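The analysis underlying the following values was restricted to heavy atoms, covering all of them including side chains, and did not include hydrogens, waters or symmetry mates. Everything numeric in this text was worked out from a predicted model, so none of it was measured.
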Amino acid sequence: MKQYIVTLSLALLCMLCVDTVKAQEVNDSIKQELIELPYGKVSKDRLVGSIDVITKEDLMQSGYPTLSNALAWKVPGYLQGRVRGYSRGGTDDQPLVIIDGLSNRFLSSVMVDEVESVHILKDVTAKMLYGSKAANGVIVVKTKRGKNAKRKFTVTGDYGLRMANEYPEYVGAADYMKYNNQARMNDGLDPLYLQEDIDMAGSSYKYPDVDFYDMFLEDQTSFQKVNTQLIGGDDKTKYFFNMGYFGESGLEAVGDKSRTDAFNLRSNLDYKVNNVITVNLDIAGRFYNVEGNRLSDSNFFSALSGTKPNDYPIFISDQPHADSLGTSAGQGGSNLYGDMVYAGYKRDATSFAQTNIGMDFDFDKYVKGLQARVFATFDVNNYISEGKKLEYRTLKPDVTALGQDTLIVNGISNPKGNEQRLADSYYRNMGGGAYINYDRTFGNHAILADASYMLETLHTKTNVADMSTVQDDKTMNFGLRVNYAFQNKYIAEYSGSYMGSRKFHKDNRWKLFNSFGVSYIVSEEDFMDNVDFIDYLKVKASYGKMGYDKSFDYLLYNNYYKYWAGSYTIGVTNSDQLVGTEYIQAGNTGLTYEESEELNIGLTMRMLNNRLELGAEYFEEERTGMPTEMKYAFPQTSGEPTIYDNYNAIENKGFEVTAQFTDKVGDFTYSLGGYLTSYESKWTQYDELNQFSFQNEQGTETDAIWGYVADGFYTTADDVATYGADGSTPLTSSLGSSLIPGDIKFKDMSDTQSEYTYNDNVINSYDRVIIGNSRPRYIYGININLKYKDVSLYALGQGVGGFDRTLTWPTYFTNKGNVKYSEYVYDAAVPTFDGEGNAVGLVDNNFTKPRLSTEGNAHSYNTNTYLMQKGYYFKLRTVELAYKLPKTVSSAIFADQLNVFVRGDNLFTISDLDDRDPDNVNAGITGNPTFKTVSGGVKLVF
């Protein structure tokens with residue numbers, strides 16, 4: 001596949017380089033802005049739907065090389081990887097990605113240098129024609145194409161540093177042993193470590209004290225990026241060619257650093273056969289290679305955050321050596337240093353190949369305004385993991401029966417081995433279609449009509465297990481859109497799709513969906529002539545319903561049985577044995593599309609001589625018929641086979657507000673803007689069976705946090721015996737071990753429920769109530785663009801608020817259970833004990849965390865209002881300073897233009913968390929940390 005992409009791309013480049021036809025310069029006249037819709041374009045005035053547009057200039061002001069990262073936080077419609085919130089409650093909410101006409105493609109397969117524009121389709125009229133996978137919103141990516149203009153060759157180079165924002169802080173071996181003893185005492189257990197062990201921590205291999213983060217990680221890494229582009233053409237042939245490279249090193253301080261190298265190629269060619277037919281051929285590829293040790297990022301960081309400082313010595317001797325690797329019984333003979341240096345290597349190679357072939361027809365000379373297009377697309381993705389698995393030996397410190405120190409050898413050293421294939425997968429993505437556009441104006445009447453057909457098939461190689469039979473994801477869609485405008489101020493639009501999907505039984509595979517939209521340009525009315533402060537005013541609304549099938553697994557309409565589901569004995573003496581067969585899925589032939597019913601109302605206004613533009617939109621979406629494993633709605637009369645039905649439902653609603661002010665004073669141009677968006681979703685129907693209605697999730701927010709209401713701390717034994725007591729019966733807890741001073745008091749909320757029939761005086765699951773919400777209720781962004789002559793400055797800031805953060809997970813905040821202790825262990829309450837070992841009080845009141853426990857489900861560390869905080873943060877996402885050098889400088893190196901720039905990403909954060917990144921509190925614990933990025937580069941245009 002690589003050879004196919006490279007050969008065709010280089011052949012195209014050579015053909016273009018020897019082309020001697022002189023290109024004609026294009027006069028960039030000011031035109032009405034056109035908005036990309038599925039299979040067509042419409043002027044911004046005639047748009048009835050909701051679409052955000054991100055230009056190539058916006059994308060290039062980010063230091064991230066791939067589109068998936070550069071796209072984030074740019075517009076209100078696409079935030080946290082989703083379009084307009086959590087329409088499905090957080091599961092399968094991701095939008096459909098369309099790259100040059102085909103879906104089932106990935107944003108990570110495209111580099112920002114290749115992109116012309118990105119359109120975010122948000123409302124039902126905008127999404128409808130993309131079929132049964134578009135209900136969650138659509139990201140439409142258009143790559144750059146050639147133009148009838150002078151040939152332009154561009155070279156861009158970047159070099160930058162990524163610096164870890166922060167690593168988690170864990171205590172050393174002595175403090176770990178001290179506080180682990182305290183936790184065991186709190187639970188009524190004997191201490192595990194002697195004071196001698198604590199005093200000797202770090203003195204020798206018998207008393208290890210390893211700072212894993214300090215030993216195995218560096219604070220920063222570097223990256224390099226180079227990209228070249230050739231673009232141009234004439235009235236017959238237009239071409240775009242792009243070739244790029246991105247490389248980055250890992251953070252490892254031990255062994256060879258991991259290395260990531262990515263190469264991307266793209267060639268887009270348009271050739272005008274005659275006045276009617278234009279053919280186009282697009283070929284793109286991205287080759288992504290990662291090489292390093294055999295540990296995945298998640299396994300590596302889990303080892304760093306999960307291995308206690310006294311678990312084992314890295315080396316038995318004072319000098320690092322392959323024959324002195326230490327281990328312990330709990331490590332099963334492994335050693336992190338050995339895993340990184342002596343266990344072999346792994347090389348992962350991922351290849352994307354994308355091909356588009358199409359023909360455009362301009363029938364304008366036969367029928368005014370009539371155009372058509374047919375196209376076919378083919379993608380291949382291959383993933384191969386290869387490497388060597390080598391063996392190393394370790395030494396486990398131990399003591400003989402006579403009390404003498406000894407070392408037990410684990411495994412053998414085998415530094416040689418054969419390379420082998422560790423894993424592989426692939427998918428094929430094929431599509432094709434045709435559409436017809438008709439765009440005419442007759443006096444006061446204007447009509448734009450599109451009729452489209454689309455067929456797509458995605459084939460994925462997977463492992464067949466149980467009923468997870470491989471089935472091609474095949475969809476088909478017939479679409480129609482008609483946009484009508486009268487006097488350029490009254491606009492109406494209809495969009496419809498006849499959707500077909502193989503996810504359903506043949507009797508339910510086809511369904512028709514419709515949507516309608518209107519807009520009214522109020523500023524075109526005569527009565528607005530006297531309203532001087534408003535230059536433009538437009539109101540719009542849309543409503544419709546569309547289907548969704550991406551949430552359905554394959555073949556849910558079939559019955560499935562599992563052979564060899566255990567065995568049973570028969571015969572007089574039970575000496576014979578038969579294999580059992582289990583009924584594991586009850587097929588539902590009545591399954592059909594999940595449906596999204598949507599309403600969108602919007603307003604656009606420009607003021608102050610078009611310098612200030614304001615926008616506001618309100619939306620509601622009712623998602624019904626969501627595929628649900630029915631556990632309670634149907635009686636289970638025979639075994640427990642799974643059965644799915646169209647059942648759960650969610651309501652998602654919110655609003656978006658945008659503002660942008662642009663002006664010019666002499667040579668100084670500036671633009672200030674921002675957005676605010678808010679959304680929330682609720683379960684309107686939910687398959688559940690609870691004993692009491694106050695336990696139901698139906699009617700609650702999908703991100704509701706259920707937990708216990710805290711009421712301070714138990715401080716004395718008397719406090720434990722009297723708080724919430726019902727007569728002589730003390731309030732107890734079913735959540736972990738017995739209550740002692742240092743635990744959090746939970747209110748007995750079930751007693752406040754009139755339907756609660758038990759008088760148990762116990763804290764249990766019936767006392768859980770909604771105590772917060774886990775996702776932001778509002779998200780905002782601020783952008784600044786300043787330009788003075790040839791110097792420009794761009795900045796993007798973004799923040800969130802209106803959510804709650806629980807501090808019971810990760811265990812980094814709580815130190816509950818048998819875990820590695822973080823610095824928060826110092827904040828735990830410390831109980832005091834009497835001579836019989838009973839907790840009677842607290843050492844002091846200088847604490848902010850509950851008492852320690854070796855139990856993972858300890859009472860105080862269940863989700864509760866005390867271990868929760870209001871969440872908010874603001875981040876300076878991107879800053880770029882650029883300077884276009886004088887013509888005399890660029891001419892000296894035979895260039896038409898020379899730009900230099902410096903960028904910074906994620907430079908600082910204002911947050912309620914001091915030592916964790918609010919975007920991802922697990923960063924650096926279960927995976928890579930978040931980074932500050934600083935880079936500089938040059939851009940040459942020839």
Can you find a heavy atom in the side chain of [X] that is under 4.5 Å from one in the side chain of [Y]?
{"X": "Val518", "Y": "Tyr490", "answer": "no"}
{"X": "Lys127", "Y": "Met546", "answer": "yes"}
{"X": "Leu107", "Y": "Ile139", "answer": "yes"}
{"X": "Thr278", "Y": "Asp362", "answer": "no"}
{"X": "Ile779", "Y": "Trp73", "answer": "yes"}
{"X": "Tyr130", "Y": "Val140", "answer": "yes"}
{"X": "Ile601", "Y": "Lys540", "answer": "no"}

Pairs in or reaching into residues 64-74: which pass salt bridge (Lys or Arg N to Asp or Glu O under 4.0 Å), with residues at least two apart or in two chains? none

Against the six-membered ring of Tyr554, is Lys503 placed for a cation-pi contact (under 6.0 Å from the centre, within 45° of the normal)? yes

Does [X] [atom1] have over 12 foreign heavy atoms under 6.0 Å away?
{"X": "Tyr366", "atom1": "OH", "answer": "no"}
{"X": "Lys474", "atom1": "NZ", "answer": "no"}
{"X": "Lys236", "atom1": "NZ", "answer": "yes"}
{"X": "Lys152", "atom1": "NZ", "answer": "no"}

Side-chain donor-acceptor contact under 3.5 Å, [X] with [Y]:
{"X": "Ser596", "Y": "Glu621", "result": "yes"}
{"X": "Glu595", "Y": "Asn646", "result": "no"}
{"X": "Asp360", "Y": "Asn280", "result": "yes"}
{"X": "Asn227", "Y": "Asn242", "result": "yes"}
{"X": "Tyr427", "Y": "His459", "result": "no"}
{"X": "Asp549", "Y": "Ser132", "result": "yes"}
{"X": "Gln660", "Y": "Tyr675", "result": "no"}
{"X": "Asp123", "Y": "Tyr543", "result": "no"}
{"X": "Asn268", "Y": "Thr143", "result": "yes"}
{"X": "Ser523", "Y": "Arg606", "result": "no"}
{"X": "Ser551", "Y": "Glu594", "result": "yes"}
{"X": "Glu36", "Y": "Ser117", "result": "no"}
{"X": "Glu651", "Y": "Thr684", "result": "no"}
{"X": "Gln80", "Y": "Tyr78", "result": "no"}
{"X": "Ser109", "Y": "Gln354", "result": "yes"}
{"X": "Thr457", "Y": "Asp472", "result": "no"}

d(Leu37 CG, Thr125 OG1) to nearest 0.5 Å is 8.0 Å

dist Phe655:CZ -> Thr677:OG1 (nearest 0.5 Å) comes out at 7.0 Å

Give me the one residue out of Val97, Val118, Asp113 that meets side-chain contact (heavy atoms from CB on, under 4.5 Å) with Leu67. Val118

The criterion is side-chain hydrogen bond (donor to acceptor under 3.5 Å, both in side chains); which residues satisfy it with [X], sequence neighbours excluded?
{"X": "Asp473", "result": "Lys133"}
{"X": "Tyr494", "result": "Asn514"}
{"X": "Tyr548", "result": "Asn136"}

For the pair Phe552 and Phe504, name the ring-plane relationship: parallel under 30°, tilted 30 to 60°, perpendicular over 60°. perpendicular

Aromatic plane relationship, Trp510 with Phe478 - under 30° parallel, 30 to 60° tilted, over 60° perpendicular: tilted

Between Arg84 and Asn600, is the side-chain hydrogen bond (donor to acceptor under 3.5 Å, both in side chains) condition met? List the steps. CA-CA 12 Å; Arg84 284 190 165 175; Asn600 189 85; 2.7 Å; yes

Can Glu114 and Arg266 be said to form a salt bridge (charged side-chain N to carboxylate O under 4.0 Å, His left out), step by step? CA-CA 8 Å; Glu114 304 170 309; Arg266 182 174 297 274; 3.4 Å; yes

Given the rule in the side-chain hydrogen bond (donor to acceptor under 3.5 Å, both in side chains) test, do Tyr536 and Glu524 qualify, once you have shown the distances and angles that lead to the verdict? CA-CA 8 Å; Tyr536 181 86; Glu524 290 293 318; over 6 Å; no

Listed by chain and number, what are the side chain to side chain contact (heavy atoms under 4.5 Å, CB included) partners of Ser103, not counting sequence neighbours? Leu96, Ile98, Glu456

Applying salt bridge (charged side-chain N to carboxylate O under 4.0 Å, His left out) to Lys272 and Asp235, what does each step give before you reach the verdict? CA-CA 8 Å; Lys272 187 175 182 180; Asp235 59 357; over 6 Å; no

Is a salt bridge present between Lys122 and Asp52, judged by a nitrogen-to-oxygen distance below 4.0 Å? yes

Is any side-chain N of the basic residue among Arg145 and Asp270 closer than 4.0 Å to the acidic one's carboxylate O? yes

Verdict with supporting geometry, Arg46 and Asn483, side-chain hydrogen bond (donor to acceptor under 3.5 Å, both in side chains): CA-CA 8 Å; Arg46 291 174 61 178; Asn483 180 287; 3.0 Å; yes

Quick one: which residue pairs count as a side chain to side chain donor-acceptor pair (under 3.5 Å) with a foot in residues 433-443, not counting sequence neighbours? Asn437-Asp450

Apply side-chain hydrogen bond (donor to acceptor under 3.5 Å, both in side chains) to the pair Tyr239 and Arg151, showing each step before the final yes or no. CA-CA 9 Å; Tyr239 53 85; Arg151 179 182 296 145; 2.6 Å; yes

